[in-house]
Amino acid sequence: MTFAIVYVSRTGNTRLLAETIRDSLPKDSCLWCGGPDDRALAADRLYLGFWTDKGDCGPEMAEFLAKAAGKEVFLFGTAGFGGAPEYFEQILARAAGHLPASARLIGRFMCQGRMPQAVRDRYAALPESPRRAMMLENFDRALPHPDAGDLAALKAALPPL
């Protein structure tokens, strides 16, 4: 069985997940590892990764997901806001909604990812409030992610090839 890993990563978080998947699977079965490219569609299985954009994958990945007709698909992603599995499930469900009906979702994984310092600076400039404090706490909690525990959980979530 052949596979391709297609991902979009702004800060390197999703790229780290993609590289972990690539390093966990037989290299001779990998047809593609990189950004959205139709060459990846020649693979039997697609590992499709994204960063969270307004509670969903970004438009570039949404367009690629729509091309996954007849493929086995494993979704993976990162989100700056994290901690709640329900939130991650909502994001994954929205992303899966871009898949054609003939695609077969065989697994999914999501974890928190660090955000750029500019985001923290923006939060810090907000007026003092419980919401501001929560946003700053979340930013600081996200800094080490994806961490070794996240990568181990990703490996455990991968279906057999």
Side-chain angles (χ1 to χ4, degrees), residues 1-119 138 142-161:
M1 172 179 281
T2 60
F3 69 90
I5 303 167
V6 179
Y7 64 94
V8 178
S9 183
R10 275 219 170 146
T11 59
N13 297 326
T14 306
R15 183 188 73 236
L16 179 58
L17 299 183
E19 290 169 351
T20 299
I21 293 169
R22 183 194 63 212
D23 294 344
S24 300
L25 298 173
K27 296 190 185 358
D28 58 341
S29 298
C30 184
L31 299 183
W32 178 262
C33 184
D37 190 298
D38 286 351
R39 291 178 283 183
L41 297 171
D44 302 309
R45 179 179 292 173
L46 301 174
Y47 295 86
L48 303 176
F50 59 91
W51 60 280
T52 301
D53 183 17
K54 300 176 196 86
D56 197 350
C57 62
E60 186 179 11
M61 183 50 71
E63 286 176 31
F64 195 82
L65 286 164
K67 297 177 181 182
K71 302 294 181 185
E72 288 187 348
V73 174
F74 181 91
L75 287 178
F76 65 98
T78 58
F81 276 87
E86 301 81 21
Y87 176 61
F88 289 160
E89 286 303 316
Q90 290 171 3
I91 295 166
L92 287 162
R94 283 187 202 104
H98 300 288
L99 290 168
S102 64
R104 189 164 67 96
L105 189 59
I106 59 166
R108 50 201 204 167
F109 175 82
M110 188 127 204
C111 70
Q112 191 167 27
R114 71 186 162 280
M115 296 171 275
Q117 181 62 38
V119 172
N138 179 76
L143 282 174
H145 293 278
D147 62 15
D150 297 324
L151 300 180
L154 170 61
K155 289 178 190 177
L158 295 173
L161 190 55

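In what follows, every heavy atom counts, from backbone to side chain, and hydrogens, waters and symmetry copies are set aside.
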What pairs of residues pass the salt bridge (charged side-chain N to carboxylate O under 4.0 Å, His left out) test when at least one of them lies in residues 48-64, not counting sequence neighbours?
-> none
Side chain proximity check, R114 to P146, heavy atoms < 4.5 angstrom | yes
Validation row: L41, L46 side chains within 4.5 angstrom (heavy atoms) = yes
Pairs involving residues 48-73, ordered by first then second residue, that meet ring-ring contact (aromatic ring centres under 6.0 Å, His included) (sequence neighbours left out) | none
Look at the side chain of T14 and the backbone N and O of S9, then say whether any donor-acceptor pair between them is shorter than 3.5 Å.
-> no
Stepwise, does the side chain to side chain contact (heavy atoms under 4.5 Å, CB included) test hold for R108 with E89?
-> CA-CA 9 Å; R108 50 201 204 167; E89 286 303 316; 2.5 Å; yes
Could you list the donor-acceptor pairs under 3.5 angstrom formed by side chains in residues 17-25, with sequence neighbours left out?
residue, atom, partner, partner atom, Å
E19, OE2, R15, NE, 3.4
T20, OG1, L16, O, 2.9
S24, OG, T20, O, 2.7

Heavy-atom closest pair (G70 atom, S102 atom, distance to 0.1 Å) is N-OG, 3.0 Å
Write down the atom of V73, the atom of A68, and the distance for their closest heavy-atom approach.
-> CG2-CB, 4.0 Å
Should Q112 and D147 count as side-chain neighbours, where that means a heavy-atom distance under 4.5 Å?
-> no
Applying salt bridge (charged side-chain N to carboxylate O under 4.0 Å, His left out) to D38 and not counting sequence neighbours gives K67
Note, F81 side chain near I91 side chain (heavy atom, < 4.5 Å) = no
Can you see which heavy atom on A40 is nearest to which on V6, and at what distance?
-> CB-CG2, 3.4 Å
For H98 against R94, the heavy-atom pair lying closest together = CD2-O, 3.3 Å
For residues 1-30, pull every pair meeting ring-ring contact (aromatic ring centres under 6.0 Å, His included), keeping only residues two or more places apart or in separate chains.
-> F3-Y47
Give the C-alpha distance, both sets of side-chain angles, the deciding distance and a yes or no for side chain to side chain contact (heavy atoms under 4.5 Å, CB included) between I5 and F76.
-> CA-CA 10 Å; I5 303 167; F76 65 98; 4.1 Å; yes
Flag side-chain contact, heavy atom, 4.5 Å: M115 against T11 | no
Any side-chain heavy-atom pair from T78 and C111 closer than 4.5 angstrom?
-> yes
Which heavy atom of A43 sits nearest a heavy atom of T2, and at what distance?
-> CA-OG1, 3.3 Å
Sequence neighbours excluded - salt bridge (charged side-chain N to carboxylate O under 4.0 Å, His left out) pairs with any residue from residues 42-51 = R45-E72
Considering all heavy atoms of both residues, which atom of M61 and which atom of G49 are nearest to each other, and what is their separation?
-> CE-O, 3.1 Å
